[in-house]
Amino acid sequence: MDKSIHNFFYPDSICIAGASSKELSIGYEVLKSIKLFNYTGNILPVNPKADSILGYKCFHSIGEISAEIDLAIVLVPKRFTIDTIDELLAKGVKSIILITAGFKETGEVGEKLENEIIEKIKKANARMVGPNCMGVINTATSVNLNATFISEMPALGKIAYQSQSGALGAMILNSLRETDLKFAHFISVGNKADMNENDFLQFWQEDDSIDVLTYYLESFDNGFEFIKPFLLNKAPKPVIVLKAGNTESGMRAASSHTGALSSEDRIVDSLLKQAGVVRAEDVNELFNTAKGFEAYPIPNGNRVAVVTNAGGPSILLTDKLDKEGLQLSELSEETKSKLREIVHPEGTVNNPVDLLPHGNEESFPAVIKILLADNNVDSVVSLFVEPGVVKPMPVALAINNIESEKPVLSVIMPKPEFWEEYRKIPEPRKPIFRNPEEPAEVIANMLFHSSVKEIRKNGENEIANLFSSQNQNLFSNSYGFIKQNEIKKICKYYNFPLVNEKLISTDEINSEQIDFYPIVVKGISKEVVHKSEFDAVKLNIKNRDELRLAVAEISKNFEKHGYEVEEFLIQEFINTKHEVLLGGYRDESFGPVIMFGTGGKYVEVLNDTAIRSAFITREEIREMISSTSMGKILAGVRGEASINMDEMIDIIQSASKMIIENEGIIEFDFNPIIVDNNNKLHAVDIRIKFGY
Ligand code: ADP
Ligand code: MG
């Protein structure tokens with residue numbers, strides 16, 4: 001293991017460069033937190049003027065320290081940061097957290113300074129977290145470290161949290177006593193000048209004190225590196241990401257349909273899903289889900305039994321279960337007859353089981369145990385609204401104490417004084433959820449994680465093969481769209497079903513003998529990307545006279561816009577049943593992606609497409625196809641015959657190989673691949689763009 005990363009969480013000694021004796025200054029508050037929570041290591045504050053702060057001997061300079069420094073926390077004013085970093089590196093310090101702000105986030109001057117620091121860090125083979133961050137926490141009793149300026153210590157848990165925003169870190173720490181969140185590790189990464197989510201992903205996947213990884217991210221430093229370990233089935237622990245900043249639209253200056261249809265947010269969404277990373281929509285979902293993974297076993301299936309003391313909340317939950325793809329368990333007759341002995345005659349023994357306002361610390365656990373014993377139940381959700389006639393605490397505790405192989409998620413909706421009392425109860429406490437819908441989200445996220453894990457496990461070899469076939473550069477080219485004759489070569493190699501076609505020069509077009517009427521004629525020019533926009537595609541031409549007319553028209557249309565037809569492309573005219581889009585491009589952050597869906601002129605309007613990383617298995621391609629409306633149509637509706645799906649999968653698989661194997665390919669569009677009346681496939685418009 002990389003010692004310099006390890007030391008961010010497990011340092012035996014900490015130097016606080018910029019410690020201060022001024023209360024409410026960051027240099028004071030960080031030292032105060034370190035002291036307050038009984039850090040077990042050696043504390044080495046540095047301040048040029050003070051002799052002691054908070055009872056610790058203070059060094060006047062870093063050079064004065066003779067002891068070894070495992071971790072340095074730097075919070076000196078910005079103008080001193082370079083000197084401080086120099087001194088730390090000269091002393092051989094390998095792990096530095098730069099809390100000081102005022103760098104890249106403030107503009108060009110700050111960015112230059114940040115780059116200067118990073119250069120030094122890299123040269124010294126050290127690692128740095130920050131700048132512009134709020135520090136680190138490790139709750140392990142062997143460390144007991146809170147080196148942040150928020151003096152709140154989470155209870156010892158199994159969750160790791162990385163926050164790109166200091167404020168979102170502070171907000172979480174401030175709310176700990178309310179939310180009952182427990183952490184193992186907490187780190188605020190600020191500008192991520194050096195250490196980022198990918199470094200901690202690997203570290204936490206290997207650290208035994210961590211069961212669940214959580215991230216608040218505003219950007220991915222390198223999305224491909226983030227998803228790669230998941231695709232390769234090398235990231236077994238559940239990871240939940242709250243990704244903010246969804247506004248950036250469309251790939252800039254995309255000339256392909258695929259690029260235009262791929263906003264950053266869509267890519268993030270689709271690829272995290274493919275990887276099996278849970279994407280939370282808000283802070284609540286992020287940490288509720290983390291609590292779920294931390295506290296419960298993963299349910300075996302999606303059938304949920306509900307017990308409640310009130311109607312409304314259970315209806316809300318039922319709706320949410322449905323939305324999340326979960327089901328209410330069909331309870332067995334045996335279960336129902338057992339329930340009848342407990343449930344009031346005016347209550348319900350069907351799922352959701354309604355105990356009415358009298359449900360209490362005896363009936364709730366008794367019902368839950370009966371539900372758990374039913375083979376049709378994969379998990380249980382208990383809803384308790386404080387009714388006035390029953391005290392909530394005994395109910396909460398009775399549910400808390402149930403031991404089970406299946407998850408029991410408890411929602412308690414009490415008066416505020418309940419929480420004060422509840423928090424006095426010694427650990428271990430299981431989570432209590434606040435709102436009736438929350439358990440549905442948590443269960444669904446847990447099931448999502450385990451189902452993708454299965455897919456990743458099954459596809460492990462297939463994906464590994466794709467990774468080893470990267471960048472062979474079987475085809476290379478100069479920058480730009482490649483010519484029709486080169487497209488032909490690629491089609492032959494990858495077995496793409498290119499339509500019967502012929503390129504003809506402008507001189508020869510009128511004398512050429514064509515023996516496969518009806519045909520299509522297209523005007524080709526480097527300048528023209530979407531030919532139909534220039535009325536340069538003429539369909540269903542039946543004879544020589546019609547061809548002559550079409551050719552003249554296309555030439556005129558080009559001339560109108562100041563272009564010249566370079567060549568004419570003649571193709572067999574296909575009787576079209578469906579038009580399919582297959583495309584791909586190399587995303588700056590997430591690497592090669594592919595897209596499938598409804599094709600033709602109206603792709604952008606119809607927007608019926610699915611997007612995936614090109615590192616995809618055959619089974620995932622099958623799922624990708626069927627996730628689109630076009631895929632469902634191709635499988636046959638209203639008695640129609642399905643197309644040969646394996647053939648379509650072959651083509652998509654070849655296309656993903658093409659972009660993986662040839663790193664020069666930055667975009668490609670097959671739009672459309674026509675499905676004819678006999679369900680045969682014909683690629684009639686292929687565009688491949690190279691760029692390096
Ligand atoms: P562009 O996308 O550059 O406008 P295409 O070559 O895709 O040009 O042609 C536009 C449309 O013409 C296609 O979406 C399809 O509907 C139709 N088309 C093109 N080639 C053929 C063909 N060989 N047979 C039947 N229809 C075709
Ligand atoms: Mg087209």
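Owing to the predicted nature of the structure, the values given are computational and were not obtained by experimental measurement. Both counts, for ligands and for their atoms, begin at 1 and track the order of listing.
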Charged N-O contact under 4.0 Å between Lys502 and Glu512: yes
Between Ser165 and Glu218: side-chain donor-acceptor atoms closer than 3.5 Å: no
Where's the contact between Leu539 and ligand 1, heavy-atom distance under 4.0 Å: side chain, backbone, both or neither? side chain
Heavy-atom contacts with Phe573 under 4.0 Å: which atoms of ligand 1 show up? List them by number with element. 24 (N), 25 (C)
With backbone taken as N, CA, C and O and side chain as the heavy atoms from C-beta onward, which portion of Lys531 lies under 4.0 Å from ligand 1: side chain, backbone, both, or neither? both
Quick check, are the ring centers of Phe590 and Phe220 under 6.0 angstrom apart? yes
Numbering as shown, the atoms of ligand 1 that approach Asn671 to under 4.0 Å (heavy-atom distance): 7 (O)
Could Asp685 and Lys522 be called an ion pair, given the rule that one side-chain N must be under 4.0 Å from one carboxylate O? no
The answer for which part of Glu579 has a heavy atom under 4.0 Å from ligand 1 is side chain
Charged N to carboxylate O under 4.0 angstrom, Arg456 versus Glu620? yes
Find all atoms of ligand 1 within a distance of less than 4.0 Å from any non-hydrogen atom belonging to Pro672, and give their numbers and elements. 7 (O), 13 (C), 14 (O)
Mind checking whether the Mg ion (ligand 2) has an N, O or S of Asn671 under 2.8 Å? yes
Near Ser532, which atoms of ligand 1 are under 4.0 Å from a heavy atom of that residue? 1 (P), 4 (O), 8 (O), 10 (C)
Ring centroid separation for Phe615 and Phe224, is it under 6.0 angstrom? yes
With a 4.0 Å heavy-atom cut-off (strictly under), which part of Val529 contacts ligand 1: side chain, backbone, both or neither? backbone
Taking both backbone and side-chain atoms of His530, is any N or O found less than 3.5 Å from an N or O belonging to ligand 1? no
Measure the shortest side-chain to side-chain distance between Thr318 and Asp322 over non-hydrogen atoms and say whether it is less than 4.5 angstrom. no
Pick whichever of Leu569, Asp685, Ile574 has a heavy atom sitting closest to atom 24 (N) of ligand 1. Ile574
Any idea which atoms of ligand 1 are less than 4.0 Å away from a heavy-atom of Val537? 8 (O), 9 (O), 12 (O)
If you measure from each non-hydrogen atom of His682 to ligand 1, which part falls under 4.0 Å: side chain, backbone, both or neither? neither
Inspect the contact between Lys483 and Glu567 and indicate whether a charged nitrogen and a carboxylate oxygen are less than 4.0 angstrom apart. no
For the residue pair Phe496 and Phe668, is the inter-centroid distance of their aromatic rings smaller than 6.0 Å? no
Under 6.0 Å between ring centres, would you say that holds for Tyr161 and Phe287? yes
Using a 3.5 Å cut-off on N or O atoms only, is Glu572 in polar contact with ligand 1? yes
What is the name of the N/O/S atom of Asp685 that is nearest to the Mg ion (ligand 2)? OD2
Under 4.0 Å between a side-chain nitrogen and a carboxylate oxygen: does that hold for Asp265 and Arg279? yes
Is Val520 touching ligand 1 with its side chain, its backbone, both, or neither, if touching means heavy atoms under 4.0 Å apart? side chain
Can you sort out which atoms of ligand 1 are near Lys522, meaning under 4.0 Å from one of its heavy atoms? 5 (P), 6 (O), 19 (C), 20 (N)
